[in-house]
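In what follows, a single structure is set out as structure tokens and then discussed.
Keep in mind the model is a prediction, meaning the values are calculated, not measured. Side chains are part of it too, since the values below use all heavy atoms of this structure and drop only hydrogens, waters and symmetry mates.
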Amino acid sequence: MTDPMTLKLGERRGLPDEIALLRAAFPKDTWRAHANFGQLADFWLHVHASLRHEGAEVSRIVDAFRARQIDTARFQQGFVTGLNHFLQHLDQHHRIEDHAYFPKFRQLDERLVVGFDLLEGDHALIHERLVATVEQARALLQALPGPDAAHAIDGYAVQMQRFIDLLLAHLADEEDLVIPAILQHGERALG
């Protein structure tokens, strides 16, 4: 068994096969054609795609401002709205998973417990980074349009990219556990 200490989000490169044990039986390119692929699996992937898109949009706004393609007022408006929507959506998604779905997956197949424990640990780390990202965003907004704005936006861009990288890795790992479990056991088993 892989040492759990090497599986911290940001340090691991995907999930080992002994945790994502259904992944080999259900390759990603076959998911949508599977008989058990239904509304829940489709919705889960849609939410993850939305989170990826929303994170990319916030990064795009930051990059446009750094490249001086948009002014401060336009940046503030797009950045605050986009970041708030993205982070609220992410937080809501993780709360639903932690309190509703992950407990059901644990009961569904005891072999998956380690993986869902790992995903909940990811959620805790992502939440810590989410808070740090919000604090960095506040510092950035307070620095605008002053002389420290360039330094603040550069610092924020680094923080945001680290956050996005963690999130993208987590979403991929979560899909490697969740969708094969749905395909194996069917959506009805999750209630």
Leu45 and Leu171: same hydrophobic cluster, using ILVMFWY side-chain contacts below 4.5 Å? no

Do Asp122 and Arg12 have side chains that get closer than 4.5 Å, going by heavy atoms? yes

Glu187 versus Ala41, closest heavy-atom pair with distance: OE2-N, 2.9 Å

Could you check whether any side-chain heavy atom of Leu190 comes within less than 4.5 Å of a side-chain heavy atom of His185, counting everything from C-beta outward? no

Mind checking whether Phe163 and Val58 have side chains closer than 4.5 Å, heavy atoms only? no

Less than 3.5 Å apart, which donor and acceptor atoms pair up between the side chains of residues 135-144 and the rest of the protein, not counting sequence neighbours?
none

Hey, could you give me the CD/OG1 distance between Gln76 and Thr81, rounded to the nearest 0.5 Å? 11.0 Å

Distance col, row Phe86:CZ vs Leu83:CG, nearest 0.5 angstrom, shows 8.0 Å

Just grab all the salt bridge (Lys or Arg N to Asp or Glu O under 4.0 Å) pairs involving residues 40-61, residues at least two apart or on different chains. Arg32-Asp42, Arg52-Glu175, Glu57-Arg60

Say you draw a straight line from NZ of Lys28 to CZ of Arg23; how long is it, rounded to the nearest 0.5 Å? 9.0 Å

Are the side chain of Asn84 and the backbone N or O of Val80 linked by a donor-acceptor pair below 3.5 Å? yes

Donor-acceptor pair, side chain of Glu174 and main chain of Leu119, under 3.5 angstrom: no

Return yes if some donor-acceptor pair links the side-chain N/O of Thr30 with the main-chain N/O of Phe26 below 3.5 Å, else return no. no

Quick one, Thr133 and Arg162 - any side-chain contact, counting heavy atoms below 4.5 Å? no

Measure across His99 and Pro103 and return the closest heavy-atom pair with its distance rounded to 0.1 Å. O-CG, 3.9 Å

Measuring only between side-chain heavy atoms, which start at C-beta, is Phe37 closer than 4.5 Å to Leu183? yes

Atom of Ala20, atom of Leu15 and distance for their closest heavy-atom approach: CB-CB, 4.1 Å

Which atom pairs, one a donor and one an acceptor, fall under 3.5 Å between side chains of residues 65-72 and the rest of the protein, sequence neighbours left out?
| from | atom 1 | to | atom 2 | distance (Å) |
| --- | --- | --- | --- | --- |
| Arg66 | NE | Asp154 | OD1 | 3.0 |
| Arg66 | NH2 | Asp154 | OD1 | 3.0 |
| Asp71 | OD1 | Ala73 | N | 3.4 |
| Asp71 | OD1 | Arg74 | N | 2.8 |

Assigning hydrophobic clusters by single linkage (Ile, Leu, Val, Met, Phe, Trp, Tyr; side-chain heavy-atom cutoff under 4.5 Å), is Leu167 placed with Val131? no

Minimum heavy-atom separation for Val62 and Ala157, please, with both atom names. CG1-CB, 4.0 Å

With heavy-atom distances below 4.5 Å as the criterion, would you say the side chains of Phe116 and Leu108 are in contact? no

Answer whether the closest heavy-atom distance between the side chains of Val178 and Tyr101 falls below 4.5 Å. no

Nearest-0.5 Å distance that lies between atom CG in Leu51 and atom CG in Leu87: 10.0 Å

Examine Ile182 and Val113 and state if one hydrophobic cluster contains both, with Ile, Leu, Val, Met, Phe, Trp and Tyr joined whenever side-chain heavy atoms are less than 4.5 Å apart. no

Connected via hydrophobic side-chain network under 4.5 Å: Val134 and Met160: yes

Taking every heavy atom of Ala181 against every heavy atom of Leu112, the minimum-distance pair comes out as CB-CD1, 3.7 Å

Locate the shortest heavy-atom distance separating Pro180 from Leu22; write the atom from each residue and the value. CB-CB, 3.6 Å

Rounded to the nearest 0.5 Å, what separation is found between the CD1 atom of Ile126 and the CD atom of Glu120? 12.0 Å

In this structure, CD of Gln184 is separated from CD1 of Ile179 (nearest 0.5 Å) by 13.5 Å

Within one Ile-Leu-Val-Met-Phe-Trp-Tyr cluster: Val47 and Ile96, side-chain cutoff 4.5 Å: no

Parallel, tilted or perpendicular for Phe102 and Trp44, by the 30°/60° rule? parallel

Just so I know, are the side chains of Leu118 and Leu177 near enough to count as touching, which here means a heavy-atom distance under 4.5 Å? no

His170: which of His48, His93, His123 passes ring-ring contact (aromatic ring centres under 6.0 Å, His included): His123

